[in-house]
Each structure stands twice: as structure tokens, then as C-alpha cells.
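Letters go in sequence order (proteins before strands), and every chain restarts at 1.
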Amino acid sequence: MIVKFGFVAMSLLLQNASPSRTMTYSNFIKQPDRAAAIRRLEQIAEQNLHTTLRIMKHAAAHDIRLYRFTSKIIPLATHSDLSDWDPYPALADSFSAVGEFVQKSDMRVSFHPDHFCVFSTPRPEVLASSQRDLDYHVRMLEAMGLSETVKNNIHIGGAYGNKLESGDRFVRQFTALPPRLRQRVTLENDDKTFNVCETLEAAEAANVPMVLDIHHHDVNDGGIAREQLVNQYWPRILNTWEKEAIRLGLASPGALPPKIHASSPRSDTDRRSHADGVEAKPLLRFLRDIAASTGRVDCMLEAKHKDAALLKLMEDWQRLEALGEGVRVIDGGSIEITP
DNA sequence: ACCTGTCAAGTCTGG
DNA sequence: CCAGACTTGACAGGT
């Protein structure tokens, strides 16, 4: 099994490389010249796209071919007071440049709209803003010229005192979305509410691939033992990806590898928060468990130290390889789990 | 140069 | 019913 590793949103190794520069709304409305303020927002976005390109070039130089964009590329993009603003024409070239690099370097990318994107909500106004938020992310992918293999990963949302009903409401409201939005989504189990089983059922009903977060499962396992996760649920999770590959008409079902998220708990007393790095040993245990049934998997690291954590993990793989632990380091961003 | 409170958005908990 | 927690990097305003 080949495992590709990636990191999220920003680099700690590059200097002056925030891809999430912004302008607060309070600062925006303070500007005397609204047109100039909008130009400033577009400049910031252009700069964020340029930095994003820098980060991806840095990743590619380290053989890292998995990256998640920050959601904060265009400041105030979905703010209700700026609904008359269309930033995309001014940013067309910058978005294209990012998209071209993604394709040229065979980078697998994604977005992760944050917790304001909640399709399980019972409130119509929240549903509307969730759709606006998802639309914003999809438009960015379209502006990059990227195909529907490139997804926005989201969670189901709140339970509102009745998880079953809220899961159903998610599926109902999600499937009512325009295909253009629906077909750009993956669903991930969360750390508090919707566990692997519940998320998988929603993903199957909504007809979208599921991203498995191992750390979320550890802190919100819904009583599912590791063995059950591996034998019972992982094959079904794999199946959601194979179905999507077929729907997209890809050459082989394995053309769209499943995605997992990995992170380590901050401490014994705070097991939910992310630690600076990712521990190799527990991750290896999981990877070994799925290796027999899985050809490839893409593993997103969610660690405070971002790309630095990834580089550190790769060093750990090298040590484990030397110890004969069934790991072979292929390059700076991928390993093979050998039987 | 450095520090601290705040930030557009949602949901849940506890008082 | 409302304030605060959650979680997070960056801004904004102060020293």
C-alpha cells in the first residue's frame, strides 16, 4: 500500500508566507472610499493566491503532493454586505496559475470549509449561508480550472438534541443542493457528534465519498472497536471512493484514492486538541491494519507544526524502515507499507 | 518590537 | 435567556 502525506493551509518553514491575510469587516467599513477598499480586498486575495503557489512549490520541492488550501483566500468573500462584489474577474489569472501548478505537479488539493457550513441546520437562514459558503469554495476550484475529483471536505454539523433527525435533515437538505455543489463534497466524521458509522451512512445516502479522521474516531468512536472499524467500516468507506471514481468516469476505480486525516492528541488531559506533530507508531498500526485491503491512501496531517511536522514524520518513517518495521520510504512525501 | 483583545459567520453548555 | 467555550491565525490598537 502506497501512502501519500500532505499538510494543511500554511507553512511554518517558509518566511512571510501566510496565505490567509485578511481585512476585518470593521476595518472595511471604516474606509472612506468603498471602491478602493474593494480593490484592497482583491489585492489581499491576489497576494494570498501568490503565497499559496509559493507553498505548493515548496511542497513539491519536498516531494509532497497533497495539500489543503486555506479557506481564507478571499477576505470577506461571503459577507452579506459585499454580495454585490464579484472578485473572480480580477483574480482569474491568479486562480489559473494555482490550478495550472496543481495539474503540472500532480498535486492533490482540497478545501475544508469551516464550521459555518452546516447542512444539518434546522434554520433556513443558516442553510442559505452554508450554501453560500460552499458555493464560494466551489467557485474557487472552478476558477482554478480543476475537475470534480477535487473536493471540499465538510462535517455533517450539529445534532440539535436529536442526532437521527439531524442526520436525516442533513441528507435531505444536502441532496437538494445543485449538482455542481453536491458533487464537490466529501464528508468527514467529527470529534464530538457524528461518528464513523453515522457519517458513513450519511455519506452513502448523500452519495459522496467519506474522509476518515482517525483522531476524531479515537475521541468519538461511538463504541466502534478498532477491529470493527477496519473490517466492517473501512471497506464501505473505500467503496464510497470507488463509486465516485466510477461516477467521474476515471480510468480505474483506484484512480481516486481514499483520504484519511491523522493527528495526535495534544496531551493526556486534552485528547481532542491537535499536538505539534504526528506520532508515527500509532499511525503505522492503523496503516498496517488497512494495508491488505487498500492499494493507495492519501493521508492529511493535521498538526500544529504543519509542513515541519510532516518532515519530522518522514524522518520517523526512515528510522522505522531501518528497524525493519514494514515501512519503505519512497520519497519525501510518501511511503510504502510492506507486508 | 511586542503584547493583548478581537474577529462575519454556528452550536453547545452551564449558570 | 444569555454569556462563554470551542478553535485559530491574523489583525488592530495599545504600549
Side-chain angles (χ1 to χ4, degrees), chain A residues 7-31 34 37-38 40-41 43-45 47-48 51-52 55 68-85 87 111-137 152-163 165-167 169-170 173-174 188 190-195 198 213 215-216 219-220 261 263-267 269-276 300-309:
Chain A
F7 64 99
V8 164
M10 64 185 291
S11 165
L12 292 200
L13 299 173
L14 295 178
Q15 305 292 308
N16 298 319
S18 167
S20 308
R21 307 259 335 255
T22 189
M23 182 192 287
T24 59
Y25 181 63
S26 60
N27 192 0
F28 175 80
I29 46 172
K30 259 189 275 177
Q31 308 294 313
R34 185 181 154 97
I38 283 178
R40 178 69 195 130
L41 289 174
Q43 269 174 21
I44 293 170
Q47 199 180 0
N48 285 340
T51 307
T52 295
I55 294 171
R68 182 162 87 212
F69 298 122
T70 168
S71 286
K72 298 175 186 159
I73 289 177
I74 309 179
L76 305 178
T78 59
H79 195 282
S80 55
D81 195 40
L82 282 144
S83 53
D84 59 323
W85 172 42
F111 278 110
H112 195 346
D114 54 31
H115 64 283
F116 307 113
C117 207
V118 276
F119 290 104
S120 70
T121 184
R123 296 163 55 196
E125 71 277 18
V126 174
L127 178 61
S129 61
S130 296
Q131 180 167 347
R132 204 157 48 236
D133 195 35
L134 180 56
D135 185 77
Y136 156 64
H137 288 90
N152 300 294
N153 185 46
I154 62 171
H155 297 288
I156 295 176
Y160 314 92
N162 187 337
K163 213 173 0 177
E165 203 172 89
S166 297
R169 188 168 46 241
F170 170 88
Q173 296 186 146
F174 181 82
E188 179 193 344
D190 68 71
D191 58 349
K192 288 209 263 250
T193 312
F194 290 95
N195 60 43
E198 294 155 346
D213 188 309
H215 180 214
H216 289 169
V219 295
N220 179 29
H261 289 179
S263 45
S264 298
R266 168 108 268 194
S267 67
T269 48
D270 180 12
R271 298 205 31 91
R272 258 203 352 236
S273 304
H274 292 161
D276 294 344
M300 192 63 89
L301 304 183
E302 293 184 323
K304 289 220 177 267
H305 287 181
K306 316 289 178 190
D307 53 344

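Nucleotide C/dG9 holds its C1' atom 11 Å from the CG atom of A/L12, rounded to whole Å. In this structure, A/K306 atom NZ and C/dT7 atom P are separated by 14 Å, rounded to whole Å. The distance between atom CG of A/L41 and atom C1' of C/dA10, rounded to the nearest whole Å, is 15 Å. Atom P of nucleotide C/dC11 and atom CD1 of A/I29 are separated by 18 Å, given to the nearest angstrom. Here the C1' atom of nucleotide B/dT11 and the CG atom of A/N162 are 16 Å apart, to the nearest Å. What separates CZ of A/R266 from P of C/dC6 is a distance of 14 Å, to the nearest Å. Across the protein-nucleic acid pair, A/R272 atom CZ and C/dT8 atom C1' stand 15 Å apart, rounded to whole Å. One can place CG of A/D135 at 20 Å from P of B/dA9, the figure rounded to the nearest angstrom.
In this entry B/dC12 has C/dG4 as its Watson-Crick or G-U wobble partner, both defining distances falling under 3.5 Å. Of the nucleotides present, C/dG14 is the one that pairs with B/dC2 by Watson-Crick or G-U wobble criteria, both distances under 3.5 Å.
Side-chain nitrogen and oxygen atoms of A/K192 include none within less than 4.0 Å of the OP1 or OP2 phosphate oxygen of C/dA5. For A/Y25 and B/dC7, the shortest distance from a side-chain N or O to OP1 or OP2 is not below 4.0 Å. Phosphate contact (OP1/OP2 of C/dC11, side-chain N/O of A/T24, threshold under 4.0 Å): absent. Put simply, A/R132 has no side-chain N or O that comes within less than 4.0 Å of OP1 or OP2 on B/dA9. A/T121 has a side-chain polar atom (N or O) that falls below the 4.0 Å cut-off from OP1 or OP2 of B/dT11. Neither OP1 nor OP2 of C/dG9 sits under 4.0 Å from any side-chain N or O of A/R21. Remark: A/K304 is in phosphate contact with C/dT8, judged by side-chain N or O atoms under 4.0 Å from OP1 or OP2.
With the nearest nucleotide of DNA chain C identified for both A/K30 and A/S18, A/S18 has the one nearer the 5' end.
The side chain to side chain contact (heavy atoms under 4.5 Å, CB included) with A/F111 is formed by just one residue from the set A/I73, A/T70, A/N153; it is A/I73. Partner A/R272 forms a salt bridge (charged side-chain N to carboxylate O under 4.0 Å, His left out) with one of A/D191, A/D190, A/D213 and no other, that one being A/D191.
Atom name P, nucleotides C/dG13 and B/dA8: the rounded distance is 12 Å, in whole Å. Comparing B/dT13 with C/dT7, their P atoms sit 14 Å apart, to the nearest whole Å. Taking atom C1' in both C/dG4 and B/dG5, one finds a spacing of 15 Å when rounded to whole Å.
Residue contacts for A/D81: at a heavy-atom cut-off of 4.0 Å it reaches no nucleic acid atom on any strand shown. A/A159 comes within contact range of the sugar-phosphate backbone alone, with a heavy-atom separation under 4.0 Å but no base atom that close. Across all strands, A/T78 comes closer than 4.0 Å to base atoms (heavy-atom distances).
Among C/dA12, B/dA9, B/dT11, the nucleotide with an atom closest to any side-chain atom of A/F116 is B/dA9. In the set B/dG10, C/dA12, C/dA10, B/dG10 carries the atom at the smallest distance from any side-chain atom of A/V126. Closest approach to the A/M10 side chain among B/dA9, C/dA12, C/dA10 is made by C/dA10 (side chain taken as heavy atoms from C-beta onward). The A/H115 side chain lies nearest to B/dG10 when the options are B/dG10, C/dC11, B/dA9. Listed candidates were C/dA12, B/dT11, C/dT7. Nearest to the side chain of A/S273 is C/dT7.
Residues A/S166 and A/R169 have side chains that bring a donor and an acceptor to within less than 3.5 angstrom of each other.
Between A/E302 and A/S263, the shortest heavy-atom distance links the atoms O-CB, 3.0 Å.
Using bins of under 30°, 30° to 60° and over 60° for the plane-to-plane angle, the ring pair A/H112/A/H155 lands in the tilted bin. Ring geometry for A/F170 against A/F119 counts as perpendicular: the plane angle is over 60°, on a 0 to 90° scale with 30° as the lower cut.
No more than 12 heavy atoms of other residues, nucleotides or ligands lie within 6.0 Å of CG in A/N16, so this atom counts as exposed by the packing criterion.
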